[in-house]
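Written out below as structure tokens is the structure these notes cover.
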Amino acid sequence: MGEIELDGVADLIRTRSRAGDLTGGKDLEDHVPGILSSDEVRPGQVPGYIQESLREQDDIKTVFDCKGDAFYYSERYMTGAYANILVLKMAGHLRMMAEIIREQSRMYPRPVPISLFRYPPFDLEENLISEGIEEMMRQGPYRDISLLTTSIGNAFAYSTDYLTPDYAQMLAEWIDVGQVQNP
Amino acid sequence: MVKFGGWAGKVLRVDLSTGRISTEDTVAKYKDFIGGTGIGYKVLWDEVPAGTKAFDPENKIVFATGPLAGTSAPCNGRTAITTLWPTCWPKHLVGTGHMGGHFAAEMKYAGFDAIIIEGRADNPIWLKVTDGKAQIMDARSLWGQGIRRTTHEISRLMGPESVVAAIGQSGENLVPMSITINSVSHSAGGCGGVMGSKNLKAIGVLGAGAIHIAGKKEDWEKAVKHHLSLFGANNQIVVPSSPQPWAEHHNPASRWVASRGRQWGSANPPIGTGACDPHNLNRIAYRSNNAAYFLGEKAWQYTVRGNGCTACPIRCHTVIKVPAVSSKYGIPETGQNTCVGLVFGKTFYKNFPDGPMGQTSIEACMVGMYLADDLGIWNNYGQLQRDFQKCYYEGIFRDKIGAKEYQSYSWDKYEKGDPAFLFELLPRIANRQGELATLLGLGTGYLLEAWGIAETEWKKQRDLAYWKLGHPKHHSNEDAGQCGVIINTQYNRDAQCHSHTNFIRNGLPIEVQKKLAAELWGSGDAVDAPGDFSPMNLYKARMARWSLLRKELHDSISLCNWMGPWSSSPLKERGYKGDDTIESLLYSTVTGDAKSPAQLDEAAERIFVLHRALTIRGMGTNQMRAEHDTIPDWVYGDYKERVPFTPGTIQMDKADIEKAMDMFYDQMGWSRETGSPGREAYQRLGLSDVAEELGKKGYLDGRN
């Protein structure tokens with residue numbers, strides 16, 4: 001593998017980051033067939049020599065999915081937070097929604113309008129979202145996820161680990177109604 | 001005399017009673033007050049005696065801007081209009097309106113930093129201001145016309161580059177709830193009636209001049225670029241409303257609504273906003289879409305583009321095109337405005353047949369803008385609409401006005417959410433037809449007085465948002481707890497201060513906000529998470545003082561306080577820090593009058609304290625704490641009966657607010673007992689003459 005092709009890998013990552021995409025082994029293979037040819041590497045995995053080379057690029061960062069596979073992005077065009085969302089997406093919609101809801105309940109703090117998950121980068125179908133939330137509220141690992149409705153009928157989800165129902169309701173109302181009414 | 005940049009150099013004075021036109025040297029007379037509200041307050045202090053009423057010929061109306069107006073400083077397109085406020089109840093105290101657009105810049109290009117209008121013309125006139133000269137023109141053919149026709153006619157006479165600030169029938173008829181508009185949609189609320197009382201229909205400005213910038217070209221360009229680099233979206237929200245690749249944070253309530261796939265649907269061809277990376281300074285205008293923010297998803301298809309003020313990249317006025325309104329209501333398909341101007345028509349209604357964000361509500365906005373921005377009616381930051389709803393639904397209209405008049409309104413249309421109802425209501429307000437419309441046009445305080453309703457009734461109900469003196473709150477405890485309450489006690493109309501709320505609503509996580517707050521005000525304890533307030537502390541008092549002084553500074557040097565201060569930024573590499581020295585950088589570079597942030601804050605304090613002195617003199621008391629800085633009961637209530645300092649309630653605690661006021665007065669160097677400055681405070685700010693006059697009247701606190 002020549003230096004030129006390795007440079008091309010970094011540029012590919014940057015281009016894809018700019019478009020809002022991570023770059024994993026499969027993406028490299030699609031772009032440069034044969035780049036991943038190695039008996040030591042399973043399909044989709046990025047070989048060690050490429051990983052090592054990418055470590056030399058200051059802006060190229062790594063995230064790992066739940067299988068331990070590496071995905072790359074350029075922090076010139078993408079933040080770690082966004083990259084983490086894309087990785088969570090690979091973990092399945094339940095886990096993705098739950099982690100986002102928990103993070104926002106803790107950090108800002110605020111509940112999450114479930115309509116958020118319809119749009120990029122989540123791109124979930126509406127029925128998948130509502131069924132997912134219901135399932136989360138039943139399941140052990142996600143039972144901290146709770147739902148509320150604002151006065152104009154929009155559904156928000158929050159984690160009871162970080163927000164009380166009352167506080168979550170107030171915050172949702174402030175997001176959905178209050179700030180528009182107090183321009 | 002040192003020659004400064006920035007200022008045009010002259011203040012125009014027009015006496016409409018005598019026809020005398022004269023000029024003054026801006027810098028020689030007003031430099032310590034900078035411009036804008038500073039000039040306005042100074043003129044009112046020196047020249048308008050206490051006891052004068054808003055519509056008396058002795059009242060003056062000052063259109064003023066600051067040294068940054070007309071330059072390429074971002075967000076400089078602001079004109080402050082200072083006068084005695086006709087909706088201020090029970091006395092007409094000093095107030096200011098603020099309009100954007102292009103009037104400020106063109107006034108400067110015409111050679112003037114301010115225009116002082118005094119007296120009263122015998123007949124309707126308009127003022128023509130061009131290249132250092134002014135002429136009083138006959139406006140009898142314009143009187144009775146709406147703002148649009150007036151603007152068109154004057155522009156036809158002066159040329160398409162002219163900018164016209166005009167009143168409609170509402171101002172002509174001395175309706176206190178009247179506006180002045182320039183550049184189609186940029187209004188200053190509350191002052192239209194004062195213009196009408198002087199028979200002043202409009203001011204047209206046109207100039208071929210330029211603004212001299214004292215600093216080096218490369219320094220100026222660097223300053224402007226640096227300023228732009230800190231910009232967020234409208235109201236300086238620094239995170240997008242949905243996750244974007246470039247963004248670490250997002251906030252669904254953000255006005256930064258751009259993202260891939262979003263389009264201005266009625267542009268031809270439609271224009272995609274893109275993701276709007278904050279480092280791309282050429283795409284700032286694509287970040288915000290206030291039509292979509294206020295009117296919902298549907299508004300994207302109707303959006304043509306953003307519009308706005310001189311040198312402002314935000315373009316917070318959205319131009320929308322709604323074809324259906326042409327055949328349904330006989331009005332133009334296109335309208336534009338922002339914020340409360342945009343939703344003027346919609347907010348009269350409790351219900352729409354297709355919901356609060358449906359097609360009908362958008363049509364109501366179009367009808368509202370069409371009527372209000374032409375007739376020249378003010379909404380008093382939404383208080384007009386809230387009062388209307390309360391009076392209708394609680395039967396006050398039915399009880400108070402005669403049956404014949406009551407039945408002359410199509411209440412069925414109103415209840416169904418039919419925008420056509422506005423054609424019955426708004427012209428009546430503008431033309432003072434009938435008791436209902438006439439009293440609504442007086443403003444809340446005078447409406448309540450006329451109908452024998454105690455003001456305390458309005459002060460009990462949080463949803464009414466009423467604060468005092470006939471005006472509502474404007475970003476109070478719901479936004480910023482004690483800091484918001486303090487700010488709302490200080491003015492004679494709604495506070496119009498966004499310094500605090502632009503920070504609180506910037507969209508960053510609370511821990512990041514606290515880090516930034518520590519640098520700005522000494523501790524992260526200055527700010528709380530929304531609805532999770534902590535007891536009052538010194539840092540919140542500092543934040544309140546900073547917020548008020550920055551507002552006055554912006555209103556005087558000509559920067560938009562609806563955008564500034566730039567206390568945070570969207571830049572992760574800066575830790576989201578803004579630049580609290582921007583005002584100093586821009587002012588010093590433009591004028592050549594090097595002033596540190598502290599020195600500019602001192603000038604702002606002088607201006608703010610002069611407003612205080614005007615209020616004291618106007619009220620005839622220095623017992624400001626007890627009689628002026630009042631707080632409505634609803635601030636201390638909670639509909640779920642939660643106690644203060646519980647997450648989820650914005651209820652304040654009375655003892656804590658008393659402490660807040662104590663701490664604020666301490667920050668200002670005012671008396672805790674009276675809430676008024678003493679002689680020392682005035683002298684420190686170069687206002688000894690003010691102290692002298694107040695002392696003679698017994699309005700000085702403590703040592704006279």
Side-chain angles (χ1 to χ4, degrees), chain A residues 16-22 73-86 89 100 103-104 106-123 151-154 156 162-183, chain B residues 235 241-255 259-262 275 277 279 290 293-297 338-340 342-343 347 355-357 381-382 463 465 473-476 478-479 501 505 507-513 529-532 562 572 640 642 646-650:
Chain A
R16 287 178 56 83
S17 295
R18 201 171 189 157
D21 296 321
L22 294 173
Y73 66 97
S74 165
E75 68 171 8
R76 280 184 210 166
Y77 306 108
M78 187 184 286
T79 61
Y82 195 84
N84 281 330
I85 291 176
L86 297 179
K89 225 172 140 173
I100 299 292
E103 183 191 57
Q104 300 220 355
R106 174 184 58 79
M107 190 194 296
Y108 286 91
R110 60 170 183 244
V112 174
I114 64 170
S115 58
L116 179 78
F117 297 116
R118 290 209 323 259
Y119 300 104
F122 309 104
D123 297 314
S151 62
I152 57 171
N154 291 322
F156 280 66
Y162 304 104
L163 296 173
T164 63
D166 194 48
Y167 189 28
Q169 186 74 45
M170 177 256 157
L171 288 170
E173 202 65 24
W174 178 235
I175 291 166
D176 210 29
V177 181
Q179 291 187 48
V180 171
Q181 285 185 347
N182 292 275
Chain B
N235 292 142
S241 60
S242 61
Q244 301 294 318
W246 58 262
E248 190 175 12
H249 303 295
H250 73 277
N251 181 350
S254 171
R255 298 195 192 195
S259 69
R260 255 194 289 260
R262 289 287 190 203
D277 186 305
H279 301 92
N290 278 344
Y293 180 80
F294 284 101
L295 309 183
E297 278 296 309
T338 192
C339 199
V340 288
L342 186 63
V343 299
T347 46
M357 297 296 202
Y381 196 54
D463 292 348
K473 70 169 169 76
H474 200 135
H475 301 305
S476 70
E478 79 286 353
D479 259 291
T501 194
R505 293 196 197 185
L508 294 167
I510 185 60
E511 288 311 314
V512 177
Q513 287 196 345
D532 187 13
W562 279 255
K572 181 171 181 250
K640 285 188 183 177
R642 290 166 290 202
T646 307
T649 183
I650 61 169

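Numbers restart at 1 for each chain; the letters A, B, ... are given by sequence-line order, proteins then strands.
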Largest heavy-atom contact set with chain A, pairs under 4.5 Å, which of B:Pro530, B:Cys339, B:Ala529: B:Pro530
Measuring from A:Asn182:CG to B:His475:NE2, what's the distance to the nearest 0.5 Å? 7.0 Å
Honestly, the part of B:Gln244 sitting under 4.5 Å from a heavy atom of chain A is backbone
Contacting moiety of A:Ser115, where chain B heavy atoms sit under 4.5 Å: neither
Residue part contacting chain A, namely of B:Tyr381, when any heavy atom lies under 4.5 Å: side chain
Toward chain B, the part of A:Arg18 with a non-hydrogen atom under 4.5 Å: backbone
Atom CD in A:Glu173, atom CD in B:Glu478: separation rounded to 0.5 Å? 13.5 Å
Give a yes or no on whether the backbone of B:Trp246 and the side-chain of A:Thr79 come within a donor-acceptor separation of less than 3.5 Å. no
Pick whichever of B:Lys473, B:Arg255, B:Arg642, B:Lys572 has the most heavy-atom pairs under 4.5 Å with chain A. B:Arg642
Would you say A:Ile100 and B:Pro243 make side-chain contact, with heavy atoms under 4.5 Å? no
A cation-pi test, strictly: NZ or CZ of B:Arg260 under 6.0 Å from the centre of the six-membered ring of A:Tyr119 and no more than 45 degrees from its axis. Yes or no? no
Looking only at side chains, do B:His249 and A:Gln104 share a donor and an acceptor under 3.5 Å apart? no
To the closest 0.5 Å, what do you measure between CG (B:Leu508) and OH (A:Tyr108)? 8.0 Å
Quick one: what part of B:Asn251 sits under 4.5 Å from any heavy atom of chain A, side chain, backbone, both or neither? both
Pick one of side chain, backbone, both or neither for A:Leu171, based on which atoms fall under 4.5 Å of a heavy atom in chain B. side chain
Chain A contacts, top residue of B:Glu248, B:Arg505, B:Met357 (heavy-atom pairs, under 4.5 Å): B:Arg505
Under a 4.5 Å heavy-atom cut-off, does chain A meet the side chain of B:His279, its backbone, both or neither? neither
Against chain A, work out which of B:Val512, B:Thr649, B:Thr646, B:Ile510 has the most heavy-atom pairs shorter than 4.5 Å and name it. B:Ile510
Value for CG (B:Asn235) from CD (A:Gln179), rounded to nearest 0.5 Å, stands at 10.0 Å
Any heavy-atom pair between the side chains of A:Arg106 and B:Pro509 that's under 4.5 Å? no
Side chain, backbone, both or neither: which part of A:Ala83 has a non-hydrogen atom closer than 4.5 Å to chain B? neither
Most chain A-contacting option - heavy-atom pairs closer than 4.5 Å, from B:Gly261, B:Ser241, B:Ala253: B:Ala253
Which bit of B:Asp532 comes within less than 4.5 Å of chain A, counting heavy atoms only: side chain, backbone, both or neither? both
Cut-off 4.5 Å, heavy atoms of chain A, and the answer for B:Ile650 is side chain
What option among A:Trp174, A:Phe122, A:Tyr77 has the most heavy-atom pairs under 4.5 Å with chain B? A:Trp174
